[in-house]
Structures are given as C-alpha cells and as structure tokens.
Amino acid sequence: MQEGLKKIVTIPLYVFGFLIMGLLSGYLTFKLMSFSRTVEVPDLKGKSVVEANELISREGLYLKVEGEEYDPTVPTSRIVRQDIPAGNKVKEQRGIRVFLSKGPKVQSVPDLTGQTLNDAESMIAKNGLHTGKIIRVHSSTAEKDRIISQRPDPDEPIKDPLVLVVSAGPYDIIYYCPDFSGKGREDATTLAGKLGLVAEFTGQGERVKSQKPKPGALIRSGEPIHLQMEGEPSLHD
C-alpha cells in the first residue's frame with residue numbers, strides 16, 4: 001500500500017521537474033537572443049555570391065539568394081539588390097535576401113532608316129529602347145530629318161542606347177541672283193529650279209517685270225524668288 005502511494009507521488013515530481021527545466025531553458029534562450037549583438041548590414045551590390053557570403057559571415061549574418069533580375073549596369077551573376085539596405089542595423093544570425101543580375105535584357109533593333117526622326121523616336125519608345133546620340137549630317141539625297149543610318153544595325157542585339165545618323169538636308173549653296181527680267185513663266189521657273197530656288201509669281205502678265213531679290217544679290221538655294229509679271233506695280237526691297 002505504501003509502495004503504491006509512493007509511486008503515485010513520484011510521477012508528478014518527475015513531470016514537475018521537466019516543466020521547470022523547460023521553463024528555465026526557454027528563459028535562458030530568450031535572454032541569449034535578447035542580448036544578441038547588433039551588426040551593420042554591408043553593401044553587397046556588385047559582389048559575387050562568394051564575396052558577399054564571406055563579407056556577411058564576418059558580421060554573423062547569412063546569405064539567401066532569392067532570384068534573378070535584368071540589369072544593364074551590374075554584370076551577370078553579381079548581386080543587383082538586397083532586401084535590407086546597406087548600413088541598416090540588424091541582429092546577428094539574420095538572413096539577408098539578395099537578387100542576382102541576369103545582365104542587360106537583349107533586344108533586337110527595328111529598321112529605322114528612311115523614317116522621319118519623329119516616327120523613329122515613337123518606334124524606339126514603343127520597343128522600350130533609348131536613343132543615346134543623334135548625329136546630323138548634310139545630304140543631297142536624303143530629305144531633312146530622315147534617318148540615314150543607325151547603330152546597331154537592324155535585327156542586331158542591343159545593349160547600349162541607339163545612335164542615329166539623321167539628314168540635315170543639303171548644304172546651303174549661295175548664288176548671285178540672276179536677272180529674270182523679260183523672261184516668261186516657264187523659262188523663269190526652269191532657271192530658278194536649276195539653282196534650287198523657288199519661283200513665286202505675282203500678277204497675270206506674260207513676262208517678268210521686276211524681282212526680289214534684285215539681280216546680283218546673294219541668295220541661298222531653297223529660298224524663294226519673288227517675280228512680278230507685267231501689268232503689276234514693281235517690287236521694292
């Protein structure tokens with residue numbers, strides 16, 4: 001009878017002992033965690049996984065690679081960003097999540113030659129590309145503001161902004177204005193066309209009575225020459 005009672009009393013004592021040990025262990029663990037050292041998160045951008053792991057291990061932290069992202073500035077397989085910015089304070093044993101660079105996103109270039117600069121820039125923006133430089137050159141064959149060439153060439157991969165060579169139109173050619181006096185409309189138009197001038201007629205007569213600019217004045221190709229036909233008042237500068 002006494003032995004049975006002794007066993008009944010002994011079992012709760014064991015349970016109580018385990019309970020006390022558990023509480024004590026939890027308390028000590030909490031104390032140790034609350035007194036963990038606070039460290040500064042290092043800057044990992046641009047570093048390889050090996051370099052970053054060595055760096056944060058010294059601070060009692062560890063690395064967690066979460067995924068990859070395209071980035072035109074950070075080389076492939078290097079860290080492009082981290083979830084906790086460099087310089088922040090964290091407890092030891094904290095995991096720092098990072099993303100690795102997949103390098104620049106490779107895109108093919110559309111053919112822009114022959115298009116106007118405005119149309120080309122719309123297509124460039126639509127394709128998610130960027131114009132880095134526009135070079136203007138004079139051309140006797142390409143209309144002003146038309147794309148003459150591009151770099152990279154069409155359908156080539158692109159990693160840098162586009163370079164466009166754009167027509168600035170023909171060179172300005174300066175002439176001494178010829179004398180149109182007495183010429184008919186057809187002859188005056190032909191002569192003006194040979195010099196790249198634009199003949200503008202006033203009046204209904206058959207022959208040129210006066211002109212502006214005057215004969216011998218300097219005039220650039222592409223500029224208008226005003227021709228007044230007989231029967232109208234003379235032009236004056």
Side-chain angles (χ1 to χ4, degrees), residues 21-137 145-167:
M21 290 178 65
L23 291 172
L24 182 60
S25 176
Y27 174 77
L28 291 174
T29 301
F30 172 77
K31 278 295 188 180
L32 287 172
M33 290 181 66
S34 63
F35 285 106
S36 294
R37 187 168 63 103
T38 300
V39 297
E40 185 175 299
V41 178
D43 186 3
L44 305 177
K45 185 173 181 178
K47 293 179 171 54
S48 68
V49 173
V50 173
E51 292 169 341
N53 194 53
E54 289 178 354
L55 186 60
I56 67 171
S57 293
R58 298 174 199 158
E59 304 298 331
L61 304 172
Y62 65 93
L63 200 66
K64 295 174 69 178
V65 178
E66 291 291 310
E68 295 179 307
E69 297 177 353
Y70 287 110
D71 191 282
T73 60
V74 179
T76 305
S77 299
R78 298 268 172 171
I79 293 173
V80 68
R81 71 181 173 92
Q82 58 195 79
D83 67 332
I84 301 177
N88 281 21
K89 302 285 188 178
V90 297
K91 296 287 187 180
E92 282 185 310
Q93 304 304 313
R94 174 69 181 268
I96 307 299
R97 296 188 300 164
V98 298
F99 293 82
L100 304 182
S101 172
K102 294 172 69 174
K105 191 172 184 178
V106 177
Q107 297 170 298
S108 61
V109 185
D111 187 0
L112 304 173
T113 54
Q115 297 191 41
T116 65
L117 183 57
N118 283 341
D119 290 344
E121 287 181 333
S122 295
M123 185 177 290
I124 289 167
K126 184 178 179 180
N127 283 271
L129 304 174
H130 301 281
T131 303
K133 190 174 183 181
I134 295 175
I135 303 171
R136 293 186 178 271
V137 297
D145 286 332
R146 293 276 176 184
I147 308 296
I148 298 173
S149 64
Q150 64 186 74
R151 291 197 302 268
D153 291 327
D155 297 324
E156 284 188 350
I158 183 169
K159 295 184 178 180
D160 300 311
L162 285 165
V163 176
L164 302 177
V165 179
V166 181
S167 172

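Just so we're clear, the structure is a prediction, and the values are computed from it rather than from any experiment. For the numbers below, each heavy atom of this structure counts, side chains included, while hydrogens, waters and symmetry mates do not.
- Here the closest heavy-atom approach between residue P75 and residue S101 is recorded as O-CB, 3.3 Å.
- Atom CG of residue N88 and atom CZ of residue R94 lie 9.5 Å apart, to the nearest 0.5 angstrom.
- Considering only heavy atoms from C-beta on, V109 stays 4.5 Å or farther from D153 through its side chain.
- If you take CD1 on I124 and CD on Q115, they are separated by 9.0 Å, rounding to the nearest 0.5 Å.
- No side-chain heavy atom of V98 sits under 4.5 Å from any side-chain heavy atom of R81.
- Counting heavy atoms from C-beta on, the side chains of I56 and P42 come closer than 4.5 Å.
- The only member of L112, T131, I147 that meets side chain to side chain contact (heavy atoms under 4.5 Å, CB included) when paired with L117 is I147.
- The nearest pair of heavy atoms linking L129 to P110 is CD1-CD, 3.8 Å.
- L100 places a side-chain heavy atom less than 4.5 Å from the side chain of I79.
- Ion pair E92/R37 flagged as a salt bridge, since at least one NZ, NE, NH1 or NH2 atom sits closer than 4.0 Å to an Asp/Glu carboxylate oxygen.
- Going from atom CG of D119 over to atom CZ of R146 covers 7.5 Å, rounded to the nearest 0.5 Å.
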Counting only pairs under 3.5 Å, give me each side-chain donor-acceptor contact of residues 58-67, with atom names and distances, residues two or more places apart or in other chains.
none

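- Between D43 and Q82, some side-chain heavy-atom pair lies under the 4.5 Å cut-off.
- Counting heavy atoms from C-beta on, the side chains of T38 and K91 come closer than 4.5 Å.
- In this structure, the side chain of D111 does not engage the main chain of P154 through any donor-acceptor pair within 3.5 Å.
- The structure places NZ of K133 at 12.0 Å from CG of L164, a figure rounded to the nearest 0.5 Å.
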- Going through the distances and angles, do R136 and D145 end up as a side-chain contact (heavy atoms from CB on, under 4.5 Å)? CA-CA 8 Å; R136 293 186 178 271; D145 286 332; 2.8 Å; yes
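- Nearest heavy atom pair, residue L55 against residue L44, reads CD2-CD2, 4.0 Å.
- Side chains of L162 and P152 form a contact here, defined as non-hydrogen atoms less than 4.5 Å apart.
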